[in-house]
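Remember, it's 1-based here, ligands and their atoms both numbered in the order they're listed. Remember, it's a predicted structure, so these values are computed and weren't measured experimentally.
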Amino acid sequence: MTTTVTDLAALESRAAGELAACADEPALRAWNTRYFGKTGEMAAALKAVGSVEPAQRKAYGQEANRVKEALTAAYDAALAARQEADLLKSLAEDKLDVTLPGRSPQPGRLHLVTQTLREIYAIFADLGFQVFRSREVESDELNFGQLNMPPHHPARDMWDTFHTTTPGVLLRTHTSPGQIHVMRQACPDPVRAILPGMCYRFEQITTRSEMQFVQVEGLAVGPGITMTDLKGTIQAFARRLFGQERQIRIRSSYFPFTEPSIEVDVDWPADDPNRDRLTKGTGWLEIMGAGMVHPTVLRNGGYDPAKVSGFAFGMGPQRIAMLRHAIDDIRLFWGNDLRFLSQF
Ligand code: FA5
């Protein structure tokens with residue numbers, strides 16, 4: 001059997017008639033499948049161009065395309081008109097239920113660590129300290145070497161380290177390498193800077209220690225800076241942050257990059273039932289290490305230790321937030337549980 005242009009005319013008028021008779025959207029969609037589906041009549045008519053007599057093939061092809069476009073346009077218009085009519089009908093007839101409660105918006109808030117960091121910045125800004133940013137991926141040389149810990153120095157064991165696959169490159173274990181960056185940038189001028197940022201240690205996670213945590217380093221370098229200045233700064237800071245009623249304790253300690261070195265503890269809230277567990281029965285939680293900058297470190301920063309001195313400290317804002325709010329597990333900070341975070 002040969003296919004002709006006359007067949008196309010019959011197909012067009014039949015399809016147009018059926019389209020006009022479609023009473024609703026499902027009927028329209030069924031029509032579309034019938035004519036334009038993969039095995040639909042229009043598809044077959046287009047394919048049939050191969051069986052048309054060669055002399056009429058061109059005319060057939062042009063006519064087939066015209067019919068296809070005309071029917072497609074008619075279908076699109078009929079579907080749009082149907083949908084519009086359905087919408088108007090439903091708006092006119094259906095009831096609108098205004099008694100359902102709306103969804104209340106959940107306003108975002110700053111993470112407790114960000115809030116604590118901002119309080120720390122504000123206090124140190126009043127004391128004349130500037131915020132300085134320093135890199136998280138550090139060289140072994142700055143994280144340890146320039147801080148007076150040459151390779152194989154036993155004190156390196158205090159900082160279990162994540163090394164990268166590039167030899168001599170690691171994730172900083174503390175913010176102290178930032179001291180060297182600041183000094184080299186500021187020398188020979190005096191320095192008063194704090195350096196906040198993330199640190200990484202390959203250590204056991206406990207209720208008080210994370211593998212990834214925030215520190216704020218502090219550094220003051222200039223002529224005549226003494227241990228009294230360090231003590232006064234720490235006390236002024238702790239009073240502002242913790243209030244008059246909380247106790248702070250300063251103990252002697254050891255760090256290769258400070259001499260002498262101290263550690264600072266704050267008393268855990270006395271009425272909190274977790275006090276003994278979190279303070280190992282002592283009542284105190286350590287918040288920072290500190291000390292007078294070692295002459296070798298001053299020299300590595302470009303200064304002459306005969307002319308200037310300095311103090312440095314490194315604190316843990318998460319421990320500080322734990323002490324202020326009696327938070328009994330440091331893992332809650334990065335746990336992303338909104339029931340915890342939305343309390344602050
Ligand atoms: C240091 O990291 C020294 N760089 C601090 C320092 C700076 C000393 C400048 C002298 C001069 P330490 O490891 O003690 O020290 O850490 C300092 C503070 O960081 C701790 O008191 C604690 O508050 C916090 N911290 C340390 N390790 C963790 C950890 N795993 N998880 C959460 N906080 C931590």
Just list the N/O pairs, ligand 1 to protein, that are under 3.5 Å apart, with the distance for each.
residue, atom, partner, partner atom, Å
ligand 1, 2 (O), W159, NE1, 3.4
ligand 1, 2 (O), R201, NH2, 2.9
ligand 1, 2 (O), Q215, NE2, 3.1
ligand 1, 4 (N), H174, ND1, 2.9
ligand 1, 4 (N), S176, OG, 2.8
ligand 1, 13 (O), R201, NH1, 2.9
ligand 1, 13 (O), R201, NH2, 3.0
ligand 1, 14 (O), E286, OE2, 3.2
ligand 1, 16 (O), Q215, NE2, 3.3
ligand 1, 19 (O), Q215, NE2, 3.1
ligand 1, 21 (O), E286, OE2, 2.5
ligand 1, 21 (O), I287, O, 3.3
ligand 1, 21 (O), M288, N, 3.3
ligand 1, 23 (O), I287, O, 3.2
ligand 1, 23 (O), G316, N, 3.3
ligand 1, 27 (N), R201, NH1, 3.2
ligand 1, 30 (N), E203, OE2, 2.7
ligand 1, 30 (N), E210, N, 3.4
ligand 1, 30 (N), E210, O, 2.8
ligand 1, 31 (N), E210, N, 3.0

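- The CZ atom of R14 sits 4.0 Å away from atom CD of E41, with the distance rounded to the nearest 0.5 Å.
- Listed by first then second residue, pairs satisfying side-chain hydrogen bond (donor to acceptor under 3.5 Å, both in side chains) with a partner in residues 278-292 number zero, not counting sequence neighbours.
- Through chains of ILVMFWY side-chain contacts below 4.5 Å, V191 is grouped with F132, L142, F144, L147, M149, M158, W159, L170, I180, V182, M183, L195, L219, V221, F255, F257, V293, V297, L298, Y303, V308.
- Residues passing the side chain to side chain contact (heavy atoms under 4.5 Å, CB included) test with E259 are H294, sequence neighbours excluded.
- In the hydrophobic clustering of ILVMFWY residues, with side-chain heavy atoms under 4.5 Å counting as a link, I327 and V113 come out together.
- Distance check, rounded to the nearest 0.5 Å: CH2 of W268 to CG of L285 gives 6.0 Å.
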